[in-house]
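Worksheet: one structure, shown below.
In listed order, ligands and their atoms are each counted from 1.
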Amino acid sequence: MRQFSLFTVSLSSLFLLLIPHETPSTVTALYPDLTNTTCKQCAEKSTAFNYDFCTSSLQAIPVSHVTNLQGLALIAMELTLENATNTISNIEKMIGAGEFDPFALGCLKDCLELYGEGVSMLVDSIQVFWWEQYDAANLLLRTVLETAATCEEGFKEKAGEVSPLSVENYDLYQLAAIALCITDLLSPALDSDSS
Ligand SMILES: *[C@@H]1O[C@H](CO)[C@@H](O)[C@H](O)[C@H]1NC(C)=O
Ligand SMILES: *[C@@H]1O[C@H](CO)[C@@H](O)[C@H](O)[C@H]1NC(C)=O
């Protein structure tokens, strides 16, 4: 737990470095709807991509922070990281509550491990993104996307089992998909089959 709140602290300071010091009005004039156009482009590339989720997640960030695609990608990665970190504490609570049958408990423990790996891959993806290694970031984000699917599928292995993490897995998938799509846009060579 402690280790995850430390992530958050160091990430917020990272975030401050990221924000260019431009006045909001200049930025609004120059970048009227980068969020919307990017979400639209991504939705056109993949049917699994949820446009409304994309705009509402990214619009939670003040527009003055979003000046280019790189900035938007970092915001998407940080939102994904924050989300996955919150989900880890939710899974820990679920495991602690003792309300699940042994099968579901096993799945929850698998998911906890998967999300732990997901969080470290997200930290790595932010790091390599800073070094402009967009293809390496792309690969990591693709694996994070699979994390969500793998966690969800675990519960489906037993007939009648309902995943208590469907919403969390959906959110992780959609958030990572935003970041993945933007790294695709930044490295045209990777852009051939992204769905
Ligand atoms: C972006 O899209 C949202 C919802 O889809 C809409 O409410 C908003 O006005 C759009 N913003 C711009 C600048 O086009
Ligand atoms: C994850 O992000 C989604 C979309 O922004 C939000 O609705 C949800 O509450 C977040 N979940 C957690 C556990 O932080």
Check your understanding: Where is the nearest protein heavy atom to atom 11 (N) of ligand 2: which residue, which atom, and how far?
Key -> Asn83 ND2, 3.2 Å
Revision key, fill the gap. Atom 5 (O) of ligand 2: closest protein heavy atom, distance to 0.1 Å, is Ser57 OG, 3.6 Å
Review point. What is the nearest protein non-hydrogen atom to atom 4 (C) of ligand 2, stated with its residue, atom name and distance?
Key: Phe53 CZ, 3.7 Å
Check your understanding: So which pairs with a foot in residues 148-170 pass salt bridge (Lys or Arg N to Asp or Glu O under 4.0 Å), sequence neighbours left out?
Key -> Lys158-Glu161
Review point. For atom 13 (C) of ligand 2, which protein heavy atom lies nearest, and how many Å away is it?
Key: Asn86 CB, 3.5 Å
Review point. Do the cysteine sulfurs of Cys54 and Cys42 sit under 2.5 angstrom from one another?
Key: no
Check your understanding: Taking both backbone and side-chain atoms of Asn90, is any N or O found less than 3.5 Å from an N or O belonging to ligand 2?
Key -> no
Point to revise | Heavy-atom nearest neighbour in the protein, as seen from atom 9 (O) of ligand 2, with distance rounded to 0.1 Å | key: Asp171 OD2, 4.6 Å
Under 3.5 Å donor-acceptor pairs involving side-chain atoms of residues 102-110, not counting sequence neighbours:
none

Point to revise | Gln59 and Asn36, any side-chain heavy atoms less than 4.5 Å apart | key: yes
Practice item. Please name the residue in the list Leu81, Leu172, Val119, Leu114 that meets the side chain to side chain contact (heavy atoms under 4.5 Å, CB included) test with Val144. Key: Leu172
